[in-house]
2 protein chains.
Amino acid sequence: MAKTHTLGDLQLAIMRVLWANQEATVAQVHEALYPERGLAPTTVATMLVKMERKGVVQHRSEGRRFVYSPTVSEAKVQRTMVGELTERLFGGDVTALVSHLLSEHDTNADELEELKRLIAEREAQEV
Amino acid sequence: MAKTHTLGDLQLAIMRVLWANQEATVAQVHEALYPERGLAPTTVATMLVKMERKGVVQHRSEGRRFVYSPTVSEAKVQRTMVGELTERLFGGDVTALVSHLLSEHDTNADELEELKRLIAEREAQEV
DNA sequence: CTGGTCGTACTACCGTGGTAGTTGTAATGA
DNA sequence: TCATTACAACTACCACGGTAGTACGACCAG
């Protein structure tokens, strides 16, 4: 059931604005997204209503305006969505996903260094 | 608008059957998926029609039956979908995705070893 | 007081994934 | 030959992401 926290493209764009600002009015979100997307303000408002119904944002009234804030963290959304994709595409095998990233995405030397560092860091914690 | 190669859950399940068997009839796909999903045969057939319209499978007639085969590779679909997710969720930063995997997904020691091996392998090619 | 503007509420529409019933036809078996 | 069955074709729905117009109430400027 809990299809929760799987967001579409626009929804993620809106969340990014909210995550970056803690909270924002419809107008502010619209303003932030307009340059790349050129959406109508009502589109953003409608989407926010849908997102609230779904439980990923909430709002409070400030005068006539609604101030929206996220109710889920970026990390949680990432966890859910990456987990779902890993499950669907790699049968839940995380190393298969990383392996894929290494072979298909042309990872450069710097990135490889960075990855080694991340793993070493992780190993340190592990103990 | 090449939104191509972004597949839903059932579509991926169907593709996995086709990838595993090179080709399959509707009945064979249905048979393969029935245990976990309990779908009607017509559901599979309808989905295959939609997938063909979308260009990810093709079919040839064999007597009265249709034999479907994939027109895109698993690697290509993975590349597209992982790429999209990476873009949407991590602004295209692959190391951010891996970092996320390491911190949120509880990666065990064996997996870490495996990852180091993969990176070393990759580094060897790099030179 | 009154007209425009700001901003939410409501409604609508399209595309697509997912699910399946109904129908028509062709093959098959009694 | 005729009934049953196996299949594909067609049609229909729902949910949801995305997009936006219209309507209505509040608020501000003359």
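Residue numbering restarts at 1 for every chain, and letters A, B, ... go by the order of the sequence lines.
Rounded to whole Å, atom P of D/dG18 lies 15 Å from atom CD of A/Glu36. The nearest whole Å value for the distance from the CG atom in A/Asp9 to the C1' atom in D/dC16 is 15 Å. Following rounding to the nearest Å, A/Leu48 (CG) and D/dG17 (C1') show an atom-to-atom distance of 14 Å. Taking atom NZ of residue A/Lys54 and atom P of nucleotide D/dC16, one finds them 8 Å apart after rounding to whole Å. We find that CE of B/Met47 is positioned 13 Å from C1' of C/dA20, with the value rounded to whole Å. Counting to the nearest Å, the P atom of C/dG17 and the CD1 atom of B/Ile14 are 11 Å from each other. In this entry the distance linking CZ of A/Arg53 with P of D/dC16 reads 9 Å, nearest Å. Note: CE (B/Met15) to P (C/dG18) measures 13 Å, nearest angstrom.
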Show your working on salt bridge (charged side-chain N to carboxylate O under 4.0 Å, His left out) between A/Arg117 and A/Glu113 and close with a plain yes or no. CA-CA 6 Å; A/Arg117 201 184 57 69; A/Glu113 275 314 305; over 6 Å; no

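With sequence neighbours left out, the side chain to side chain contact (heavy atoms under 4.5 Å, CB included) criterion links B/Ala27 to B/Thr25. With sequence neighbours excluded, the residues that form a ring-ring contact (aromatic ring centres under 6.0 Å, His included) with A/His59 are A/Phe66, A/Tyr68.
Across all strands shown, A/Leu39 has heavy atoms under 4.0 Å from sugar-phosphate atoms exclusively, and none from any base.
Under the 4.5 Å side-chain criterion, counting only non-hydrogen atoms from C-beta, A/Glu84 is not in contact with B/Asp9. Between B/Leu115 and B/Leu118, the closest side-chain pair of non-hydrogen atoms falls below 4.5 Å.
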Nucleotides 4-15 of chain D: protein proximity per nucleotide (B base, S sugar-phosphate only, - neither; heavy atom, under 4.0 Å): ---SSS------

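Tested against B/Val82, the residues A/Val82, A/Thr86, A/Leu85 include a single side-chain contact (heavy atoms from CB on, under 4.5 Å) partner, A/Leu85.
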